[in-house]
Participant: 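Before I ask anything, let me first share the structure, which is written out below as C-alpha cells.
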Amino acid sequence: MATERYNPRDAEPRWQKTWDEAQVFTTKNDDPREKYYVLEMFPYPSGRIHMGHVRNYSLGDVVARYKRARGYNVLHPMGWDAFGMPAENAAMQNKTHPKAWTYENIATMRSQLKSMGLSLDWSREFATCDVDYYHRQQHLFIDMLEKGLVYRKQSKVNWDPVDQTVLANEQVIEGRGWRSGALVEQRELTQWFFKITDFAEDLLEALDTLDQWPEKVRLMQKNWIGRSEGMLVRWEVVAGTANASDVTVYTTRPDTLFGASFLAIAADHPLAKEAAEKSVEIAEFCDECRRAGTSLAALETAEKKGIDTGIRVRHPLDPSWELPVYVANFVLMDYGTGAIFGCPSGDQRDLDFARKYDLPVVPVVMPADGDAATFTVGDEAYDGDGVMINSRFLDGLTTEAAFQEVANRLTAQTLGNAPQGERKVNFRLRDWGISRQRYWGCPIPVIHCEVCGIVPVPKKDLPVKLPDDVTFDVPGNPLDRHATWRHVACPQCGKDARRETDTMDTFVDSSWYFARFTAPWENNPTDPKAANHWLPVDQYIGGIEHAILHLLYSRFFTRAMRETGHLDLKEPFKGLFTQGMVVHETYSKGEGTAREWIAPADLRIEEVEGQRRAFLLASNEEIKIGSIEKMSKSKKNVVDPDDIIASYGADTARFFVLSDSPPDRDVIWSESGVEGAHRFVQRTWRLISEAAERLKEVGATPAKEGDALAVSQAAHRTLKAVQGDFDKLAFNKAVARIYELVNTLAAPLQAVAAGKADTATTAALRNAVEILIQIIAPMTPHLAEECWSVLGNKGLVAHTDWPAFDEDLVVENDIVLPVQINGKKRAELTIARDASQDAVSQAALGLDAVQTALDGRTPKKIIVVPQRIVNIVV
RNA sequence: GCGGACGUGGCGAAACUGGUAGACGCAAGAGACUUAAAAUCUUUCGGAGCAAUCCGUGCGGGUUCGAGCCCCGCCGUCCGCACCA
C-alpha cells in the first residue's frame, strides 16, 4: 500500500492553526494544577531568527510540552528584549525610526517563531519598548530610589568624543570606539547606579542554594562577586602633608605587616591629587596613569611604575619605623581604599616594584618545611602560606595565627580616637551603572530642579514617554537636543526644570521581564499574588554568555523587588540550563585582508577520494573549507531557519538540533545531519501511516506474552528511559532511544501493513505506536498530531496525558551476564534475574567456554555482582 | 598569572554508583529494487590477524578481582577572570 510522503508544508501550518484555535497553550493563572514555569531567554529583535534561537526555543519547547503532558499547568511565554543600540545604529544608517525598525523586526521574528510550532502562550507577549512595559519599569525605579537602592555619583566612563556617547567596556576596542574609531577618553560623569553591592554577601551565599544551576555558572558568579576577608589598617602620617593625619590601606595579609617596605596609592587618591598640585612631575605621572587606564591589553605588559610623594607614614606596630608613600600605576582607586602597603617578599608585583626603586625586601613567610636560617627571596616572591620569620612576636606562628594576632592587636590599638585597624570583608563586585546617553531605552524618570534638586517623577505622571519626533543625523543623544521634551515644570516647586535625558541600560529591561510575564496586564509592575505563584522560573534556558551579567542582575532585581513589595522570593531561577552554540564549517577564498567568506548556500560539497571539497555553485571554482565556528554573519557560515523550515519542515529542524550533541555542548550544523533527521520524520510517518488501516481495527493493548511481547517491552522500556532523559534534559539520548524503538517496530509494522499479523500483535503494535507518538510529540509535535489522527484517535496529542509505562514489561526476567576470567570477558551467561549468587557461580562454571578458558585451573575466587557481571579469579 | 571544564572510531557521541567500551546518528563500502536516478530496503563498519586471539578511551605510573570512570604526575584543547592588595 503506497502512502504519500509526509508533507510538512501542508501539515505544520494546519496543526499550528488547530492548536491556536483550541487555545491549547494559553495559560490561566487560577488553574488548580501544580505550576511549572519554563522560560527561554527572550530574543533581541535584530531582524530574523537564527539557528541559536531555533535550538534555544526547541529545547524549551520540549520541556514545556513534556511538563504539560505530565499534568502541570505550564507557563511558557515569549517577549522581546527590544531596546538597545542596534535600533539607533540602523536609524543612523537607514533613516528609519528605531521604533519602526524594532516593531517590524518583531513582526518578522514572531511569524518565524510561529512557524516553528512552539507551544507558547502568545497572549502574554510584550516588548520591553512597549510604553506599558517601560512605564512599570519607571515605577520600579522610583520605588527603588525611595528605598535607597538607586543613587547618583560621579564616575569614570569611556567617552567617545565623535559619537558623543558613553561606551560600555565591551565597545572599546584597543582604546578606540568600535563605531567611530575615535580614541576613547576617560570622563567623569554623574551617573545613576543601582546598589547591587548591598546584596553582595547575600548574592554570594545564596549561590549555594541554586543546586539546579550549572556548577560553572555558580563559580563564575562567585569569582565575579569576589569576596575577600582582610583588614583596614590606618598608618599615621608623619611628614609630607598637612591635610591628612593617616592613610588607610586594605590588606588581606596583615600577617605580613613586618615585611612592609612602602605604601602605594592610586593616581586618583586624594593624597596623590594633593601631591600633584605641588609637583609637576607627580602631576604628569598621575596623568599618565589615568591615560593608561583605557587600553586593557596594555595592562598585561605594563611596567610597574611609581613616584615618591614625599609623604612618610609610621608603621602601626613599630612607632620608630617610617615608610615612604608612592603613587603607583598598579593601584586601583575603586577597589579597597585605593591604597595598599607593599610587602615585596610576599607579592611578585611588590617585589618588582621594590627592586626597581631599591626598597628593602624582608622575607616574613617561609614554607612550613623551610629553614629560617637560609630562606631568602630572590627574583620570586613567596605568596603561599607557611611559618612567620623576621616578624618579631609573630615568629614561628602560622600565617593564619599571625593574621589573627595582628588583627587582635590592631583592633585593640588606637590611633587618634579610632582603632588602628578593623576587620573588613571586601568585594570585587561594583555598583551597577545604568546611565546611557542614548535614545532607544527606558527614560530615567527623574527631574532636575535648581531649587529642589533631584525630584522623582510622581507616579501619577508616569510614564515618561520617549518622544517620537527625534533625529539621528548628528551624533549624541537625541533626547538632549529635542526642542521641548527635556523642559518640564518641577513637580515640587513648579519652577522650570529639566528632565533627566539618560536612559537605562537595557540589562535593566531584562532583569524583571520573567516576573512581568506572570501578569502582563497588571497596572503595577507585578501582581504579587501571580508573581509569587509562578516564580521562581522552574527551568530557565539560555546561552552561557549571560552567565554573569544578566543572571546576576536578575538575582539582584528579585531582591530589590522584594524590598519594594513587588514579589516575595529570593531567587528568580530555580533551574538553569545553559545551552551550547550552533556552529558550522566556514568557507573562504583568498588570504589575509583579501579573504572572502562564502555562504554555505552558494556552494556544493563533493567527496573526492575521501576528501571533502567545496566548489562555488556559480563558477565551479574550488574554495577552502575552514574551521568550524559559531554561526555569524561576518563569516557567512549561517543557515537561515526559514530555508530549513521551508524545505524540511519545523519538525526536522527541531529534531536535528536536539539530536547528536548534548544540549549544553555545541552542535555542528550539517546538511547531512539535517537529512538524517528528515529521514526519521519520513520513515516514522511511512511506517505508521502504512499500517494505520489495520491498527485502526484494534484497540491498543500491550502484549504480556507471545510473539508480540518483545514489541511491548521495547515500547514500555523506551517510554521509561525517554521520560528519564527528558527529566534530565538529555535530549540527545532520548533521540537515540527513539531511533532504537523505531528500528525495532519497523519490521512488525510492515508485517501489520501487509496483513500478516494477528490481532494480539496488531493491538500490541497499536499500543507501541501510540507510545511512540507521545514520546516524539514534545520534539516533533506536528508529526505526532498527524500520526495520531491517521490512527483515527480523537483529540490532540497536545491535550493527551503522558502515558504510564507497565512495570511488568520494563523489568527483564532473563538477563545476560558477562563472565570474565581474571577481568577479561570470556563468555556470556543467560540466567534468571533473581538467581542466587550461588546459582550464578555454578551456572558460570558450567559454561563450556569457561571450562575451556580455565583449562583445568581451579578458581580462587568468584565475584558475582548481582545483575551486572561475574568475574572468576584464578 | 589565577580559577574551571574537557580529551573515547573517519565524524557527532553513548557507557548507571568502578562491572560486556563504541548504543544511536552521520559519513563510507558492498548488495537488492530501477532503463536510470532519487527514495527505500539488506548488509559491513576501532586496529591487527585466515582464525583462535591480541591490542585499544591523550601520555606515564598507581589502587582494584575488574579502571573511559578513582589517585599521583605530565601533555593538549577550550572557557571565565585578570594590576583585586
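Each chain gets a letter, A, B and so on, in the order its sequence line appears, and its residues count up from 1.
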Participant: Quantified in whole Å, what is the P atom distance between nucleotide G18(B) and nucleotide G68(B)?
Facilitator: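 Straight-line distance between the two P atoms is 13 Å.
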
Participant: Searching all strands shown, indicate the nucleotide that pairs with C2(B) (Watson-Crick or G-U wobble; both distances under 3.5 Å).
Facilitator: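 Looking at the geometry, C2(B) pairs with G80(B).
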
Participant: Indicate, with a heavy-atom threshold strictly under 4.0 Å, whether Lys824(A) touches base, sugar-phosphate, or nothing.
Facilitator: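 Sugar-phosphate, backbone atoms only, no base.
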
Participant: Expressed in whole Å, how much space separates the P atoms belonging to A82(B) and U17(B)?
Facilitator: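 To the nearest whole Å, 36 Å.
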
Participant: RNA chain B: Arg679(A) or Ile668(A), which has the more 5' nearest nucleotide?
Facilitator: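 Closer to the 5' end of RNA chain B: Ile668(A).
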
Participant: Under 4.0 Å, counting only non-hydrogen atoms across every strand here, what does Tyr250(A) touch: a base, just sugar-phosphate, or nothing?
Facilitator: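 Base, at least one base atom sits under 4.0 Å.
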
Participant: Rounding to an integer number of angstrom, what distance separates G31(B) and U64(B) when you compare their C1' atoms?
Facilitator: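 Rounded to whole Å, the distance is 48 Å.
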
Participant: Mapping Gly338(A) and Asn822(A) onto RNA chain B by nearest heavy atom, which one lands closer to the 5' end?
Facilitator: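 Closest to the 5' end, via its nearest nucleotide, is Asn822(A).
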
Participant: Please report the closest heavy-atom contact between Ala849(A) and Arg826(A), naming both atoms and the distance.
Facilitator: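 Scanning both residues, the minimum pair turns out to be CB-O, 3.8 Å.
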
Participant: I'd like to compare against my own output: the B/S/- annotation of nucleotides 14-22 of chain B with a strict under-4.0 Å heavy-atom distance to protein.
Facilitator: SSB--BB--

Participant: Choose from C83(B), A85(B), G25(B) the nucleotide whose nearest atom is closest to any side-chain atom of Asn743(A).
Facilitator: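 Of the candidates, G25(B) comes closest.
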
Participant: Provide the distance between the two C1' atoms, one in U20(B) and one in G66(B), to the nearest whole Å.
Facilitator: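 Each nucleotide's C1' atom is 12 Å from the other's.
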
Participant: Would you check if the distance from the ring center of Phe353(A) to the ring center of Tyr326(A) is below 6.0 Å?
Facilitator: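 So the answer is yes for these two rings.
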
Participant: Just checking Gly673(A): base, sugar-phosphate only, or nothing, at a heavy-atom cut-off of under 4.0 Å?
Facilitator: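 No contact at all - Gly673(A) keeps every heavy atom at 4.0 Å or more from the nucleic acid.
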
Participant: For A28(B), which nucleotide in any strand shown is its Watson-Crick or wobble partner with both distances under 3.5 Å?
Facilitator: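 Paired with U44(B).
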
Participant: Assign Arg227(A) to base, sugar-phosphate, or nothing according to its heavy-atom contacts below 4.0 angstrom with the strands shown.
Facilitator: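 If one applies the 4.0 Å heavy-atom cut-off, Arg227(A) turns out to touch nothing in the nucleic acid.
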
Participant: Considering only NZ, NE, NH1 and NH2 on the basic side and carboxylate oxygens on the acidic side, decide whether Glu740(A) and Arg737(A) come within less than 4.0 Å.
Facilitator: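 No.
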
Participant: Looking at residues at least two apart in the chain, or sitting in another chain, which of them share a ring-ring contact (aromatic ring centres under 6.0 Å, His included) with Phe655(A)?
Facilitator: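 By the ring-ring contact (aromatic ring centres under 6.0 Å, His included) rule, Phe655(A) matches Phe680(A), Tyr739(A).
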
Participant: Which residue, Gln348(A), Arg349(A), Lys356(A), Arg355(A), forms the side-chain hydrogen bond (donor to acceptor under 3.5 Å, both in side chains) with Asp352(A)?
Facilitator: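 Option passing the side-chain hydrogen bond (donor to acceptor under 3.5 Å, both in side chains) with Asp352(A): Gln348(A).
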
Participant: Measuring only the P atom in each nucleotide, how far is A21(B) from U53(B)? A whole number of Å is fine.
Facilitator: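 It works out to 14 Å between them.
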
Participant: Does any donor atom in the side chain of Asp727(A) or Gln723(A) lie under 3.5 Å from an acceptor atom in the other side chain?
Facilitator: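 The answer is no; no qualifying pair exists.
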
Participant: Determine: side-chain N/O of Arg428(A) to OP1/OP2 of A82(B), distance under 4.0 Å, yes or no.
Facilitator: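 Result: yes.
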
Participant: State whether a side-chain donor-acceptor pair under 3.5 Å links Thr197(A) with Asp431(A).
Facilitator: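 Yes, side-chain donor-acceptor contact under 3.5 Å.
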
Participant: Hey, what's the ring geometry for Trp235(A) with His315(A), parallel, tilted or perpendicular (30° and 60° as the breaks)?
Facilitator: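 Plane angle over 60°, so perpendicular.
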
Participant: Quantified in whole Å, what is the P atom distance between nucleotide C45(B) and nucleotide A39(B)?
Facilitator: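 My reading of the P atoms in C45(B) and A39(B) gives 24 Å.
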
Participant: The side chain of Thr251(A) lies closest to which of these nucleotides: A85(B), A82(B), C83(B)?
Facilitator: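 Looking only at side-chain atoms, Thr251(A) lies closest to A85(B).
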
Participant: Would you say A85(B) has OP1 or OP2 under 4.0 Å from some side-chain N or O of Tyr335(A)?
Facilitator: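 Indeed, a polar side-chain atom of Tyr335(A) lies that close.
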
Participant: Does the side chain of Arg683(A) get closer than 4.0 angstrom to OP1 or OP2 of C41(B) through an N or O atom?
Facilitator: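 Yes.
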
Participant: Partner of C74(B) by Watson-Crick or G-U wobble geometry, both contacts under 3.5 Å, or none?
Facilitator: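 Pairing partner: G58(B).
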
Participant: Using O4'-C1'-N9-C4 for purines and O4'-C1'-N1-C2 for pyrimidines, with syn meaning within 90° of 0, is G9(B) syn or anti?
Facilitator: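 G9(B): syn.
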
